[in-house]
Amino acid sequence: MKKKLVILTGAGMSAESGISTFRDSGGLWDKYRVEDVATPEAFHRNPELVLEFYNIRRRELVNVKPNEGHLGIVELEKDFDVHIITQNVDNLHERAGSAHVLHLHGELMKVRSTRDESLIYELSADKPDIKMGDKCEKGYQLRPHIVWFGEAVPMISEAAEIAKQADIFVIIGTSMNVYPAAGLLDYVKRNVPVYLIDPKDVRTGRFDVHHIKKGASEGVKELRERLSDLGKG
Ligand code: OAD
């Protein structure tokens, strides 16, 4: 049986595709205030601004491609049972071809009803905008299918179950600042090897982390080399 390789990804995973991270200098949270664009209160106060923020993100996403890092993770499926838990709302893991992707913070290319959260719709790359007046089939305004700050993270229990079952755990491109995502490492068994791919130091709370201090593309290449023996066991 293949070993279960669980990979937690964040904004740094997609940086080399041309998508801004949040907390690096020049990142999104330098240009926008979280409380203006990524909270339920912001949407209540100024829905046009919030919708436009995500329209811009979507227009950006449809014009970029998965990078070598995303593609390298797909290659790992040959030897491992790979499960990705991503904080990213982009669809670059899926477009690269990864089979198991769990989105903790929602999905940019999806929108849902503000009244009935089971009514979820996928936007197409050639019509990536939504505006005030765009409604679900029951006549209620549509909103981004994104987990805003202050909202529950519905997928966290499923993600914790996956983290518990990891034989190898990898963290790529996340500053580990946002909970509950950052707390997933606590579910990983103590004897499980943990790898971190990030050009910067990241506080993980564990001292036995193997840090590959590189960007996602180069880092995943090195990870594949380092794991090549483990996959055969
Ligand atoms: P951050 O912007 O906080 O962290 C990005 C991480 O990526 C940092 O540790 C960088 O050093 C690293 N990084 C930068 N370039 C990289 C590269 N080329 N390769 C690999 N790593 C690189 O982003 P997240 O941790 O993902 O939530 O942020 C978590 C959440 O906060 C996001 O999902 C978003 C945000 O607010 C919501 O919007 C709900």
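Keep in mind that this is a model prediction, so the values were computed, not measured. Just so it is clear, the values below take in all heavy atoms, side chains as well, and ignore hydrogens, waters and symmetry mates. One is the number of the first residue; the rest follow in order along the sequence. As the structure lists them, so they are numbered: ligands from 1, and atoms in each ligand from 1.
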Arg45 and Glu41 ion-paired at < 4.0 Å: no
Set of residues satisfying side chain to side chain donor-acceptor pair (under 3.5 Å) with respect to Lys65, sequence neighbours excluded: none
Ligand 1 to Asn177 polar contact by distance, N or O atoms, under 3.5 Å: no
Nitrogen or oxygen atoms of Trp29 and ligand 1 under 3.5 Å apart: yes
Pro199, Gly173, Gly150: member with heavy atom nearest to atom 5 (C) of ligand 1: Gly173
Donor-acceptor contact below 3.5 Å, side chain Lys213 vs main chain Asp201: no
Where ligand 1 meets Gly10 - atom numbers and elements under 4.0 angstrom, heavy-atom basis: 26 (O)
Those atoms of ligand 1 less than 4.0 Å from some heavy atom in Lys200: 11 (O)
Ion pair check, Arg143 and Glu151, cut-off under 4.0 Å: yes
Polar contact flag, side-chain donor to acceptor under 3.5 angstrom, Glu137-Tyr121: yes
Verdict with reasoning, Asp90 to Arg57, per salt bridge (charged side-chain N to carboxylate O under 4.0 Å, His left out): CA-CA 9 Å; Asp90 66 51; Arg57 308 273 78 74; over 6 Å; no
Residue part near ligand 1, for Val178, under 4.0 Å between non-hydrogen atoms: side chain
N or O pair under 3.5 Å between Phe22 and ligand 1: yes
Side chain to side chain donor-acceptor pair (under 3.5 Å) involving Asp30 - partner list, sequence neighbours excluded: none
Nitrogen or oxygen atoms of Ala216 and ligand 1 under 3.5 Å apart: yes
Polar contact flag for Asn88 and ligand 1 (N/O pairs, less than 3.5 Å): no
For ligand 1, the portion of His105 having any non-hydrogen atom under 4.0 Å away: side chain
Nitrogen or oxygen atoms of Ile197 and ligand 1 under 3.5 Å apart: no
Proximity flag Ala38 to ligand 1, non-hydrogen atoms under 4.0 Å: no
Parallel, tilted or perpendicular: rings of Trp148 and Phe43 (30°, 60°): tilted
Contact check, Val147 vs ligand 1, heavy-atom distance below 4.0 Å: yes
Pair Glu52 + Arg59: basic N to acidic O under 4.0 Å: yes
Heavy-atom nearest neighbour of atom 12 (C) of ligand 1 within options Thr39, Asp198, Thr9, Val34: Asp198
Ser217, Ala11, Ala15: member with heavy atom nearest to atom 15 (N) of ligand 1: Ala15
Heteroatom distance test (Trp148, ligand 1): nitrogen or oxygen, under 3.5 angstrom: no
